[in-house]
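For reference, positions follow the sequence shown, starting with 1. Numbering of ligands and ligand atoms starts at 1, following listing order.
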Amino acid sequence: MRVGIVGAGVLGLAAAKVLREQGHEVVIFEGKSDVGGQVVTFDVAGEPLECFYHHIFTNDTDCIRYIEDMGLGPKLKWIESKVGILRKGRIFPFVTPMDLVKYTAIPFTSRVRLGLAALWLRRQHNWKKYEGVTARAWMERAVGKKAFDALWGPLLRGKFANEADNVGMTWLWGKVYLRFASRKGAAGTKEQLGYLEGSFRQYIDELARRLTADGVAIHLDTPVEEVVSEDGSVRGIRAMGQVHPFDAVLMTTPNIITRKIAPGLPAAYAEKMDRVRYQWATCLVLALDRPLSHIYWLNIADPLPFVACVEHTNFMPKERYGGNHIVYLSNYVPPDHPVLTMDVEQVFASYLDGLKAINPDFDASWVRQKWLFKDPGGQPVITTNYSEQIPDMRTGVDGLYLANTTQIYPEDRGQAYSLRLGERVARIMLEDAATIERTRAGAVGLA
Ligand SMILES: Cc1cc2nc3c(=O)[nH]c(=O)nc-3n(C[C@H](O)[C@H](O)[C@H](O)COP(=O)(O)OP(=O)(O)OC[C@H]3O[C@@H](n4cnc5c(N)ncnc54)[C@H](O)[C@@H]3O)c2cc1C
């Protein structure tokens with residue numbers, strides 16, 4: 001079979017690998033000038049760095065498998081996490097149960113309730129029972145309003161902004177359950193985060209290189225204009241004004257883009273896709289001449305204009321980045337948020353007070369360089385009963401498939417799950433192709 005894939009992110013590349021291994025002809029169309037999608041990088045003093053902060057957990061086994069298969073295992077470093085929370089102008093470490101005890105920004109009883117709720121959730125294996133309730137309603141009942149407002153409320157707003165109150169409890173369950181499952185030791189007190197020295201793009205580049213060597217065509221700078229279908233079957237892909245015929249097409253683009261390039265989707269399917277909303281991801285990245293704090297991942301539980309501060313060089317050594325201290329200031333915002341219309345200087349100016357809240361000595365003169373990155377498909381909003389809203393990988397048009405981060409559930413989106421999803425959709429495509437083949441052979445036999 002001849003397969004066209006829209007998008008050379010990790011999902012599209014993983015799908016291509018499975019399909020090519022089974023002897024199929026695969027052509028990938030990528031709108032940008034590089035492979036990697038959301039794991040895109042830029043250069044800091046000659047070192048590639050993710051535009052959007054990235055690390056993995058010990059249970060991201062599919063990502064670890066790819067890194068090892070690409071011969072990069074020795075470069076995967078596991079580092080004890082330094083996580084903190086900014087509350088009432090103070091930075092509290094937030095990794096171990098003891099850190100929770102010391103989280104004096106809230107009353108002792110609230111801390112106990114937070115701890116008990118986390119312990120309870122990490123022992124619950126059945127996410128389905130949380131589907132019908134919002135994270136806010138469940139948590140407020142479990143830990144009380146004060147504790148919710150001091151921890152989970154800001155964290156939910158951090159990821160989902162104006163949609164925070166609509167987020168389903170299953171999403172929050174997944175965060176607690178999987179994060180604890182990734183920890184070492186019976187008490188789950190130690191957490192290690194993984195990073196590929198030299199950036200994650202290396203395993204993606206190597207995967208793309210091997211695919212190309214194996215005959216997969218990857219067309220960069222080639223945005224797909226239309227996925228062409230006719231009489232309920234996919235026919236091909238139109239890019240740069242030219243139609244390329246395919247027996248099957250896999251779209252790995254976010255729903256918002258997919259809806260524009262695939263006009264032939266059945267109405268009910270398209271309507272289902274439209275129900276999933278996205279928050280944009282935005283990251284202001286700063287190269288500083290000195291550290292901002294001692295924390296790698298700082299959750300912001302005060303009303304600041306950004307929701308997380310990720311100081312990459314409290315994780316990887318600054319020497320890799322020309323001695324610069326790298327800080328990501330992250331925000332997830334709805335599509336009409338003013339930050340999306342601002343340039344890098346305007347965003348920086350609007351974040352200045354927030355930087356001073358983290359470190360009162362901060363001064364704009366510390367900044368050597370700054371960059372701004374935005375992605376419209378940053379985070380699908382995972383609402384209650386989300387499992388009923390997930391669009392199927394088979395779109396209803398014969399030969400046309402969809403796989404993207406909206407189908408990652410109950411886990412939160414991440415490279416490991418995107419890689420796994422890419423392999424899964426490829427296997428579904430193979431099954432369908434085999435069924436068609438059998439039907440054809442049967443028809444020939446009858447004739
Ligand atoms: C802010 C942020 C932080 C993250 N942090 C982590 C982390 O710490 N750890 C982790 O494991 N994961 C993290 N992730 C998630 C991870 O990056 C994603 O799960 C994964 O990269 C998604 O891969 P994908 O291939 O499904 O989609 P994408 O990467 O979005 O790939 C889709 C591709 O389609 C292309 N495309 C779009 N339109 C067209 C068109 N018309 N024609 C052709 N091509 C087109 C795009 O350019 C893109 O390359 C993060 C994501 C974000 C946004």
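For the pair Lys159 and Tyr332, the cation-pi criterion (under 6.0 Å, within 45° of the ring axis) is fulfilled.
For Trp297 and Phe315, the distance between ring centers is not under 6.0 angstrom. For an aromatic pair to be called close, the ring centres must be under 6.0 Å apart, and His55 with Phe57 satisfies this. No close placement of the Tyr386 and Trp171 rings is indicated, their centers lying 6.0 Å or farther apart.
The protein atom (non-hydrogen) at minimum distance from atom 17 (O) of ligand 1 is His54 NE2, 2.8 Å. The nearest protein atom to atom 49 (O) of ligand 1, hydrogens excluded, is given as Glu30 OE1, 2.6 Å; this is a heavy-atom distance. Looking only at protein heavy atoms, the nearest one to atom 9 (N) of ligand 1 is His55 O, 2.8 Å. Shortest contact from atom 22 (C) of ligand 1 to any protein heavy atom: Ser418 OG, 3.4 Å. Atom 21 (O) of ligand 1 has Val39 CG2, 3.4 Å as its closest protein atom, hydrogens excluded (heavy atom only). Among protein heavy atoms, the minimum distance from atom 44 (N) of ligand 1 is reached at Gly31 N, 3.0 Å. Ranking the protein heavy atoms by distance from atom 31 (O) of ligand 1 puts Gly9 CA, 3.6 Å first.
In this model, a donor atom of one side chain and an acceptor atom of the other lie less than 3.5 Å apart for Glu50 and Tyr195.
Here Phe29 has backbone heavy atoms under 4.0 Å from ligand 1, and that is the only part of it that gets that close. The proximity of Tyr332 to ligand 1, defined as any non-hydrogen pair under 4.0 Å, is limited to the side chain. At a heavy-atom cutoff of 4.0 Å, ligand 1 is contacted by both the backbone and the side chain of Leu11. Under 4.0 angstrom from ligand 1, the non-hydrogen atoms of Tyr53 come from both its backbone and its side chain.
The closest approach between any non-hydrogen atom of Ile257 and ligand 1 is below 4.0 Å. The shortest heavy-atom distance from Gly377 to ligand 1 is not under 4.0 Å. For the ligand labelled ligand 1, residue Val10 lies inside the 4.0 Å heavy-atom shell.
Between the side chain of His54 and the backbone N or O of Phe52 there is at least one donor-acceptor pair closer than 3.5 Å.
In this structure, Phe42 and Phe373 have tilted ring planes: the angle between them lies in the 30° to 60° band. Between Phe200 and Tyr203, the ring-plane angle classifies as perpendicular under the 30° and 60° cut-offs. Under the 30°/60° scheme for interplanar angles, the aromatic rings of His244 and His219 are found to be tilted.
Of the listed residues (Glu225, Arg413, Gln38), the one carrying the non-hydrogen atom nearest atom 2 (C) of ligand 1 is Arg413. Between Thr252, Thr253, Ile237, it is Thr253 that holds the heavy atom closest to atom 37 (C) of ligand 1. For atom 1 (C) of ligand 1, the choice among Phe57, Phe52, Tyr195 with the nearest heavy atom turns out to be Phe52. When the options Cys283, Gly378, Gly7 are ranked by their closest heavy atom to atom 34 (O) of ligand 1, first place goes to Gly7.
With ligand atoms numbered from 1 in the order given, ligand 1 contributes 10 (C), 11 (O), 12 (N), 15 (C), 19 (O) to contacts under 4.0 Å with heavy atoms of Gly414. Residue-ligand proximity, Lys32 to ligand 1, at heavy-atom distances under 4.0 Å covers atoms 47 (O). Atom numbering of ligand 1 starts at 1 in the shown order; those under 4.0 Å from a heavy atom of Val6 are 42 (N), 43 (C).
Note on Glu423 versus Lys17: no salt bridge recorded, every NZ/NE/NH1/NH2 to OD/OE distance being 4.0 Å or above. Between Glu206 and Arg209 there is a salt bridge, since a side-chain N of the basic residue sits under 4.0 Å from a carboxylate O of the acidic one. Taking 4.0 Å as the cut-off between side-chain N and carboxylate O, Asp62 and Arg65 count as a salt-bridged pair.
The shortest N or O to N or O distance between Asp60 and ligand 1 is not under 3.5 Å. For ligand 1, the polar-atom distance check against Gln415 finds a nitrogen or oxygen pair separated by under 3.5 Å. The distance criterion of under 3.5 Å between nitrogen or oxygen atoms is met by Val224 with respect to ligand 1. Here's the thing with Thr222: none of its N/O atoms is less than 3.5 angstrom from an N/O atom of ligand 1.
For the pair Tyr278 and Gly377, the tightest heavy-atom approach, listed with the atom from each and the gap, is CD2-CA, 3.6 Å. Nearest approach of Thr384 to Gln389, heavy atoms of both residues: O-NE2, 3.6 Å.
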Point to revise | Trace of the side-chain contact (heavy atoms from CB on, under 4.5 Å) decision for Phe348 with Leu284 | key: CA-CA 7 Å; Phe348 176 66; Leu284 176 70; 4.2 Å; yes

